[in-house]
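One structure below.
Computed from a predicted structure; not experimentally measured.
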Protein chains: 2
Amino acid sequence: MGKNSVRKEQILESAAKLFRKKGFKATSMRMIASNLGLEAASLYNHIHSKQKILEELLLGMGGRFMEGMKEVEDSKKNPLEKLDLLIGLHVKLTLSYPEQISLITGDWVHLEEPALTQYKTLRNAYELKFKTIIIDGMNEGLIENIDIEMALFSILSSLHWLYSWYARHPEMKGSDIEREIKKCLISGLKKREENP
Amino acid sequence: MGKNSVRKEQILESAAKLFRKKGFKATSMRMIASNLGLEAASLYNHIHSKQKILEELLLGMGGRFMEGMKEVEDSKKNPLEKLDLLIGLHVKLTLSYPEQISLITGDWVHLEEPALTQYKTLRNAYELKFKTIIIDGMNEGLIENIDIEMALFSILSSLHWLYSWYARHPEMKGSDIEREIKKCLISGLKKREENP
DNA sequence: GTCTATAAGTCGATAGAC
DNA sequence: GTCTATCGACTTATAGAC
């Protein structure tokens with residue numbers, strides 16, 4: 001980590017922004033270079049191919065999510081509190097890496113083997129850990145008895161699209177975003193009875 | 001409606017499936033034709049361009065959502081019941097048009113003017129109607145006091161990604177899907193106190 | 001209505017001068 | 001490390017034979 005040159009970081013950043021706006025296939029090496037005042041050919045002194053840019057961006061995000069998950073697992077809190085921490089993790093990573101996050105929702109399909117399998121394996125492992133926390137919560141009576149796959153999917157799809165919402169509400173603070181999205185995903189929309 | 005020839009419907013269907021799997025930009029006219037045992041040039045006897053295929057698919061879905069929304073608005077139920085009906089609408093349209101639905105999450109960005117503005121206008125109008133129902137629910141004390149944009153975004157992102165979940169669980173019945181996703185989005189994951 | 005042939009452009013990536 | 005020039009493959013779309 002951190003041994004990337006300045007130029008390479010600039011290229012990854014330029015690419016991520018364009019991938020987000022246009023998508024991987026609709027973004028050309030010429031566009032990525034043009035944003036940095038370069039010609040397309042110059043990019044190849046710093047990166048091996050367009051494909052490798054996508055791999056670095058996506059596997060980098062995968063690693064960050066797995067690191068965050070490990071911290072949550074080691075926290076020894078109860079499952080509902082762990083769910084709370086996980087939502088915080090997604091919010092934090094979304095605000096820190098908004099462009100890279102957007103690749104998770106769509107452009108990962110353009111990965112080629114073996115990176116594609118590598119990415120899917122990482123994602124499956126993450127989702128399994130997430131699911132385990134939900135199941136623990138049900139067993140302890142903290143979480144409603146809901147179809148587990150549906151609960152997982154429902155949370156993750158909201159969290160994955162948080163970046164597009166944040167792009168339209170840049171004035172909102174991270175802490176406010178975190179509080180409100182937790183209300184939606186954990187407590188639900190329907191009004192709860194006042195406490196007895 | 002319904003005045004499309006059989007061939008044209010086949011082309012739209014073939015295109016939708018490929019757009020879903022590969023994305024609009026990564027799908028070529030040759031692939032669309034090949035799935036029907038045709039050469040690419042033959043497609044142009046039935047459709048004007050690749051761009052027009054995307055427009056027909058996306059604006060067609062937009063119309064179906066607006067029709068459904070109108071029925072819900074006219075139903076004279078309370079806001080929480082209307083929310084329930086809207087989730088049912090999304091589930092129904094997802095199961096009926098899984099490929100077309102997938103375009104809503106990503107490939108709409110490849111629409112060109114004036115279709116792009118037309119699509120955005122349709123989507124904004126739909127989201128505004130959706131939001132109005134949530135606000136009514138809050139005013140009537142049926143829905144928790146949550147950031148409205150966040151609540152809207154949270155529900156819609158889960159509903160928009162329902163198709164990808166359904167692709168992995170084709171054995172589940174529509175009625176079961178509807179019941180479980182309503183639990184997630186309306187009641188929330190956190191266990192509620194038993195009724196007094 | 002489908003075909004072959006092709007126009008006109010863009011793509012990712014490389015070679016080699018400087 | 002950046003450039004110009006270029007290759008070969010691929011793209012959407014059209015023209016015209018059948």
What is the separation between atom [atom1] on [X] and atom [atom2] on [N], rounded to the nearest whole Å?
| X | N | atom1 | atom2 | value |
| --- | --- | --- | --- | --- |
| B:I32 | D:dT11 | CD1 | P | 11 Å |
| B:H48 | D:dA13 | NE2 | C1' | 9 Å |
| B:K50 | D:dT14 | NZ | P | 15 Å |
| B:K25 | D:dT11 | NZ | P | 12 Å |
| B:E39 | D:dT14 | CD | C1' | 15 Å |
| A:M29 | D:dC10 | CE | P | 18 Å |
| A:Q51 | C:dG12 | CD | P | 12 Å |
| A:K8 | D:dG1 | NZ | C1' | 16 Å |

Side-chain donor-acceptor pair under 3.5 Å between [X] and [Y], yes or no?
| X | Y | value |
| --- | --- | --- |
| B:S157 | A:S157 | no |
| B:E113 | B:T117 | yes |
| A:R64 | A:Y97 | yes |

Nearest atoms (heavy-atom pairs only) where A:I134 meets A:I143: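 Closest approach of A:I134 to A:I143: O-CD1, 3.9 Å.
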
Among [options], which nucleotide has an atom closest to any side-chain atom of [X]?
| X | options | result |
| --- | --- | --- |
| A:A41 | D:dC3, C:dG12, C:dG1 | D:dC3 |
| A:Y44 | C:dA13, C:dC11, D:dC3 | C:dA13 |
| B:M31 | C:dC3, D:dC3, D:dT11 | D:dT11 |

Sugar-phosphate, base or nothing in reach of A:S42, heavy atoms under 4.0 Å: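 It contacts base atoms.
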
Phosphate OP1/OP2 of C:dT10: any A:S28 side-chain N/O under 4.0 Å: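 Indeed not, no polar side-chain atom of A:S28 lies that close.
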
Pairwise 5' ranking along DNA chain D for A:H46 and A:R30, keeping only the more 5' one: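 Checking each residue's closest nucleotide, the 5'-ward one belongs to A:H46.
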
Salt bridge (Lys or Arg N to Asp or Glu O under 4.0 Å) between A:E178 and A:K182, worked out: CA-CA 6 Å; A:E178 215 173 306; A:K182 281 173 185 170; 3.0 Å; yes

